[in-house]
Enquirer: 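I'd like to ask you about the structure that follows.
Computed from heavy atoms alone, side chains included, the values below leave out hydrogens, waters and symmetry copies. For reference, positions follow the sequence shown, starting with 1. Every number for a ligand or one of its atoms is a count from 1 in the order of the listing.
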Amino acid sequence: MKIAVLPGDGIGTEIVAEAIRVLDTLDLSFEMESALVGGAAYEAHGHPLPEATLKLAKEADAVLFGAVGDWKYDRLERSLRPEQAILGLRKNLGLFANFRPAICYEQLVGASSLKPELIAGLDILIIRELTGDIYFGQPRGRRIAVDGHFPGAEEAFDTMRYSRPEVERIAHVAFQAARKRSKRVTSVDKANVLETFQFWKDIVTEVGKEYPDVELDHMYVDNAAMQLVKAPKKFDVVVTGNMFGDILSDEAAMLTGSIGMLPSASLNAGNQGLYEPSHGSAPDIAGKGVANPLATILSAAMMLRFSLNQPDAADRIESAVKHVLAQGLRTADIWSAGTTKVGTREMGDAVVAAITKKAITG
Ligand code: IPM
Ligand code: MG
């Protein structure tokens with residue numbers, strides 16, 4: 001089992017370190033190799049995704065990724081910005097299926113900005129198509145307009161596009177995931193306005209006929225954004241395109257009150273995957289030892305389950321996380337009165353201890 005470890009920038013290095021300690025606690029043998037990515041790679045090698053990092057990722061069974069980005073790189077030309085590393089990995093590894101679960105942990109119900117009764121027991125899975133849509137569609141750029149409202153003016157444009165196979169394969173992923181859950185899929189589109197998403201809706205409907213046991217419904221993205229805060233528990237699996245999925249998955253994450261808790265997986269057709277917390281590099285708290293490592297630790301659990309075929313080890317990590325929450329340990333982002341505030345390292349220690357079933361002190 002070969003794991004490429006790409007901690008990246010900001011809190012990335014601190015949280016990935018804890019996930020690695022947790023992995024080391026399991027009695028499994030991994031071959032782990034680290035490389036620079038994002039701003040850290042730009043500083044050292046002049047590129048956010050150096051050849052050697054990409055090669056390491058391609059050759060691994062799984063990539064454990066921290067986070068990239070810092071405001072100080074905002075002035076760089078787009079191709080050199082840290083975000084290009086994650087887009088480049090998605091593209092080069094063909095990681096088209098992004099799983100973003102939004103689970104509200106029992107102990108964290110009070111952390112959400114929504115009323116507890118709306119989110120208690122929330123467990124939804126957003127499946128976001130990750131290598132198509134307006135993110136990667138060509139052509140894109142800037143030019144002088146020849147038509148439109150202001151011919152002769154400067155304009156910028158991107159291209160929203162999906163091919164049939166791209167929609168088919170993500171639809172299959174969603175229906176198969178739903179079969180392992182409550183057998184419901186909501187496909188989110190904008191078919192009332194966009195040709196691309198009428199096409200999306202038609203194809204998801206066709207693919208759905210192969211899964212008569214799974215209930216499929218369709219929702220426009222604006223309504224989905226509203227329903228997510230109105231009655232989030234009505235959703236089970238949500239499948240959508242790259243851009244809508246970007247937006248809705250942040251919204252869904254915040255329902256749980258704790259983006260610091262949410263892992264994600266991005267898989268290709270061969271089950272090779274990139275695993276990362278759903279949150280970013282948080283440069284404001286980097287190096288302070290206060291970041292929540294649980295999303296990364298839970299991403300490592302997803303990695304064990306999806307790419308490394310070690311479901312038991314994944315279960316052990318996930319129950320250890322529930323155990324530390326039940327003990328009342330909280331990093332600052334999820335802290336509330338009556339619980340114990342801990343730092344990144346202490347949280348990692350507690351998970352390690354829960355896995356090894358050692359008594360926890362302090
Ligand atoms: C995400 C992020 C990325 C995206 C950025 C960093 C390129 O927001 O993973 O959701 O837009 O996909
Ligand atoms: Mg995003």
Enquirer: So, E43 and Y73: side-chain donor and acceptor under 3.5 Å apart, yes or no?
Expert: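 Distance-only check passes for E43 and Y73.
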
Enquirer: Please determine, by modelled atom types, if T186 and D217 share a side-chain donor-acceptor pair under 3.5 angstrom.
Expert: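 Checked: T186/D217 side chains pair up, N/O donor to acceptor below 3.5 Å.
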
Enquirer: So is E276 close enough to ligand 1, meaning a heavy atom under 4.0 angstrom away?
Expert: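 Distance cut 4.0 Å: E276 fails for ligand 1.
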
Enquirer: So, 4.0 Å and heavy atoms of Q84: is ligand 1 close enough to count as a contact?
Expert: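 No, that is not the case, since the closest heavy atom of the residue is not under 4.0 Å from the ligand.
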
Enquirer: Does ligand 1 have a heavy atom under 4.0 Å from the side chain of R90, from its backbone, from both, or from neither?
Expert: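 Contact part for R90 vs ligand 1: side chain (C-beta onward).
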
Enquirer: Between H47 and T53, does any side-chain donor sit less than 3.5 Å from a side-chain acceptor?
Expert: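 Distance-only check fails for H47 and T53.
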
Enquirer: Give the atoms of ligand 1, by number and element, whose distance to some non-hydrogen atom of R128 is under 4.0 Å.
Expert: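 Result: 1 (C), 4 (C), 9 (O), 10 (O), 11 (O), 12 (O).
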
Enquirer: If I consider every N, O or S atom in D246, which one ends up closest to the Mg ion (ligand 2)? I only need its name.
Expert: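 Among the N, O or S atoms of D246, the one closest to the Mg ion (ligand 2) is OD1.
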
Enquirer: Yes or no on side chain to side chain donor-acceptor pair (under 3.5 Å) for Y211 and Q176, after CA distance, side-chain angles and deciding distance?
Expert: CA-CA 8 Å; Y211 300 84; Q176 279 161 24; 2.9 Å; yes

Enquirer: Polar-atom distance check: D246 versus ligand 1, any N or O pair below 3.5 Å?
Expert: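 Looking only at distances, the answer is yes, because the N/O contact criterion of under 3.5 Å is met.
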
Enquirer: I need the contact type for H279 against ligand 1. Using non-hydrogen atoms and a strict under-4.0 Å cut-off, is it side chain, backbone, both or neither?
Expert: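 Neither part.
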
Enquirer: What residue and atom, counting heavy atoms only, is the protein's closest point to atom 4 (C) of ligand 1, and at what distance?
Expert: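 Of the protein heavy atoms, Y135 OH, 3.4 Å lies nearest.
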
Enquirer: Decide yes or no for Q84 and L49: does some side-chain heavy atom of the first lie under 4.5 Å from some side-chain heavy atom of the second?
Expert: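 SC-SC contact between Q84 and L49 ruled out.
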
Enquirer: Among all protein heavy atoms in this structure, tell me which lies nearest to atom 1 (C) of ligand 1, with the distance rounded to 0.1 Å.
Expert: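 Nearest neighbour among protein heavy atoms for atom 1 (C) of ligand 1, to 0.1 Å: R100 NH2, 3.3 Å.
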
Enquirer: Are F99 and F306 close enough that their ring centers fall under 6.0 Å?
Expert: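 Under 6.0 Å, so yes.
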
Enquirer: So, is E83 polar-close to ligand 1, with some N/O to N/O distance under 3.5 Å?
Expert: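 N/O-N/O distance under 3.5 Å: no.
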
Enquirer: side-chain contact (heavy atoms from CB on, under 4.5 Å) with L274: which of I86, N98, L130?
Expert: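 Testing each of I86, N98, L130 against L274, the sole residue satisfying side-chain contact (heavy atoms from CB on, under 4.5 Å) is I86.
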
